[in-house]
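Data first, discussion second: the structure below is written as structure tokens.
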Amino acid sequence: MSMTKEYKKAKVMAIVSCILILLAFSCLIMTALTQYYDDFSTVFLPVTLTGFFGGNLIALIMLCKAYPVLLASDCLKMEERYEKQEPQQILLPGRDSCTNILLANKFEYTREGYYRRKRLSLLKDSVCYYVRMTEDTEVEKAMRREVEYLYQTGKKDKNLCMLLFVYMDEVGEGEKKEIKELGKRNIVMESVVNPNTSLTVLAIAVDRGTNTGYYMGIGRHGMFTLYAYGCKMLEKLFAPEKI
């Protein structure tokens, strides 16, 4: 069976499940309306209870079968959307100037080597930004190392968004492809799989020769994700004309 047919079948199952849940809860209303009839305990009560529990059980089974297909389909659609896009570019000042900009924007340097700032947010209560500047030949390796180090030092902040600047001798097509894949993975994970994630990483590959940063931007559909907050903070700090 093709993915399209599976998706249509799962969508129908999800709709039927919602209808069954509504019908099941209507059985409770029926119980309240018929409790004063003489045949309530012998006729109406068994029927309404069977309808309530039976309808919810069937709906739960159908939803459990439909959910993985719907989730996989949404992930595939999101990935295809970003497959058509290329990493965005941002011209950065020198590394020392970057740190001065961070400090000027109320980021505090921590003993763990991060620049940290916490900002209030109407949608997420608050977002804690961590900025890390490192060097490596592979962005993914740098990301794994920094996330592991973050947890080792004791991650306490909720809604944490890390801007990870990975300085490289040269950012070629291979590095751009890596940035694209990592960006797609993080966007799909937070937008579809786990919208309540407490940590996201926006990786920026920086060409040391040109001071050009490459990162995967996010569209308006994901404007309330932590990843989107990271993109906005990056542009606010180093490309304010885009805001």
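Counting non-hydrogen atoms of other residues, nucleotides and ligands closer than 6.0 Å to CZ of R144 gives a total of 12 or fewer. Around atom CD of E108, no more than 12 heavy atoms belonging to other residues, nucleotides or ligands sit under 6.0 Å away. For M133, the CE atom sits in a packed shell: over 12 heavy atoms of surrounding residues, nucleotides or ligands are nearer than 6.0 Å. Shown here is K118, whose NZ atom has no more than 12 heavy atoms of other residues, nucleotides or ligands within 6.0 Å. Within a 6.0 Å radius of NZ in K177, no more than 12 heavy atoms belonging to other residues, nucleotides or ligands are found.
Annotation: salt bridge (Lys or Arg N to Asp or Glu O under 4.0 Å) contacts of E181 (sequence neighbours excluded): K184. For E178, there are no salt bridge (Lys or Arg N to Asp or Glu O under 4.0 Å) partners two or more places apart in sequence or in a different chain. For R119, there are no salt bridge (Lys or Arg N to Asp or Glu O under 4.0 Å) partners two or more places apart in sequence or in a different chain.
Relative orientation of the Y149 and Y114 rings is tilted, given thresholds of 30° and 60° on the angle between their planes.
Note that CG of L199 is 5.5 Å distant from CG of L160, once rounded to the nearest 0.5 Å. Interatomic distance, F165 CZ to R95 CZ, rounded to the nearest 0.5 Å: 10.5 Å.
Closest approach of C98 to P93, counting heavy atoms only: SG-O, 3.5 Å. Of all the heavy atoms in I101 and L237, the pair that sits closest is CG2-O, 3.8 Å.
A cation-pi arrangement, defined by a distance under 6.0 Å to the six-membered ring centre and an angle within 45 degrees of its axis, is absent between R116 and F107. Stacking of R117 on the aromatic ring of Y129 is not recorded, the 6.0 Å distance cut-off and the 45° axial limit not both being met.
The backbone N or O of L164 sits nowhere less than 3.5 Å from a side-chain atom of Y130 that would complete a donor-acceptor pair. In terms of modelled atom types and a separation under 3.5 Å, the side chain of E175 and the main chain of G172 share a donor-acceptor contact. Listed for the D207 side chain is no donor-acceptor partner under 3.5 Å among the backbone atoms of T212.
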